[in-house]
Amino acid sequence: MPPFLLSLLLLFTISVPFSSCIAVGEVITCSGIVPMKYRNDKISIADFGGVGDGKTLNTKAFREAIYRIQHLRRRGGSLLYIPPGVYLTESFNLTSHMTLYLARGAVIKATQDTWNWPLIAPLPSYGRGRERAGGRYMSFIHGDGLRDVIITGENGTIDGQGDVWWDMWRQRTLLFTRPNLVEFVNSSGIIISNVIFHNSPFWNIHPVYSSNVVIRYVTILAPLDSPNTDGIDPDSSSNVCIEDSYISTGDDLVAVKSGWDEYGIAYGRPKLWHHYPEDNRIIPVRWNSNRK
Ligand SMILES: *[C@@H]1O[C@H](CO)[C@@H](O)[C@H](O)[C@H]1NC(C)=O
Ligand SMILES: *[C@@H]1O[C@H](CO)[C@@H](O)[C@H](O)[C@H]1NC(C)=O
Ligand SMILES: *[C@@H]1O[C@H](CO)[C@@H](O)[C@H](O)[C@H]1NC(C)=O
């Protein structure tokens, strides 16, 4: 794509989606796009048997804590506190109305056991699968069809331990598309802030078919030669606001996407959708209808 088109696109991304909520001339920031919620109900991963010794597998603790949030449905949602320590775990699903809070010195660390990593269907806008045909590995921290989810804290770390995946990619022994570190599919009202992302197996943060997503004060790090470790890839999504972040990875820092080649075109969900809160319609933004 020629550079002038890209800058035009970026201009649109910033100005169009927020025009309904921010007065002309006002400084546009992410503040207020998704309200940061205080949650009265707080639980700790330690209450569910979580052990932060870097060796114990905490999959059961994460899944049970989040199951409890999902099924007790406390008013205002629940906060899951991760105390200082290194919590090794397999991938897990988040649920709606929750905050995942990483204390200073807390690390949620992905297992390197690629054999037992859950598989899910390829995204329709990626057709047969981005790297290999068939399924794809679920993201390490996954959200599907969620609303009102916050990942935040005191700059704790989500560590993907991606080197085993990078080696499989280099040696061409990957069986399926590598997992993202954090992915939200078909979700809205998401905040990701004050978290450090380290060594993702593939892309770091991937909001797809989602809206109203705020990503700020994050640090995303991966070696410069790590394959496809994109920082943030907003994909077929609307109202995604990214600010005040530090990203240094092996590939794109922020890459706006709408699927992959002919699969993305066939699926036909563009990058820019506009949400009309009056009647809750979400409609693709068209170039000429917005040139006012
Ligand atoms: C996690 O979410 C994926 C995608 O929605 C689903 O296929 C999978 O069964 C879920 N896993 C668990 C353990 O709930
Ligand atoms: C998206 O998630 C909502 C729940 O938040 C659900 O009602 C809807 O069916 C989902 N749509 C798709 C395409 O998965
Ligand atoms: C966390 O990191 C962000 C971004 O670098 C910084 O603005 C913020 O002050 C840090 N917060 C704490 C509690 O250290």
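Whatever order the structure lists them in is the order used to number ligands and atoms, beginning at 1.
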Mind listing the side-chain donor-acceptor pairs of residues 70-89 below 3.5 Å, one per line with the distance, residues two or more places apart or on another chain?
unit_1 : atom_1 : unit_2 : atom_2 : d
His71  : ND1    : Tyr67  : O      : 2.9
Arg74  : NH1    : Asp41  : OD1    : 3.4
Ser78  : OG     : Asp41  : OD2    : 2.5

Which heavy atom of Ser200 sits nearest a heavy atom of Trp166, and at what distance?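 Minimum heavy-atom contact is O-NE1, 3.0 Å.
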
Output, or 'none' if empty, a list of ligand 1-protein atom pairs in which both atoms are N or O and the distance is under 3.5 Å, rounded to 0.1 Å.
unit_1   : atom_1 : unit_2 : atom_2 : d
ligand 1 : 2 (O)  : Asn93  : OD1    : 3.0
ligand 1 : 2 (O)  : Asn93  : ND2    : 2.6
ligand 1 : 5 (O)  : Asp144 : OD2    : 3.1
ligand 1 : 11 (N) : Asn93  : ND2    : 2.8
ligand 1 : 14 (O) : Asn93  : ND2    : 3.2

For the 3.5 Å polar cut-off, considering only N or O atoms, please tell me whether Asp244 and ligand 3 meet it. no

Donor on one side chain, acceptor on other, Asp233 and His206, under 3.5 Å: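 Per modelled atom types, Asp233 and His206 side chains form no pair under 3.5 Å.
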
Arg104 neighbourhood, listing ligand 3 atoms whose heavy-atom distance to it stays under 4.0 Å: 12 (C), 13 (C), 14 (O)

Name of the residue among Tyr126, Tyr209, Trp203 meeting side chain to side chain donor-acceptor pair (under 3.5 Å) with Asp235: Tyr126

If two hydrophobic side chains count as joined below 4.5 Å and joins carry through other members, does Ile242 share a cluster with Ile196? no

Transitively linked via ILVMFWY side-chain contacts under 4.5 Å: Val107 with Val182? no

Okay, side chain of Arg63, backbone of Ser91: is any donor-acceptor separation there less than 3.5 Å?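 At least one qualifying donor-acceptor pair exists.
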
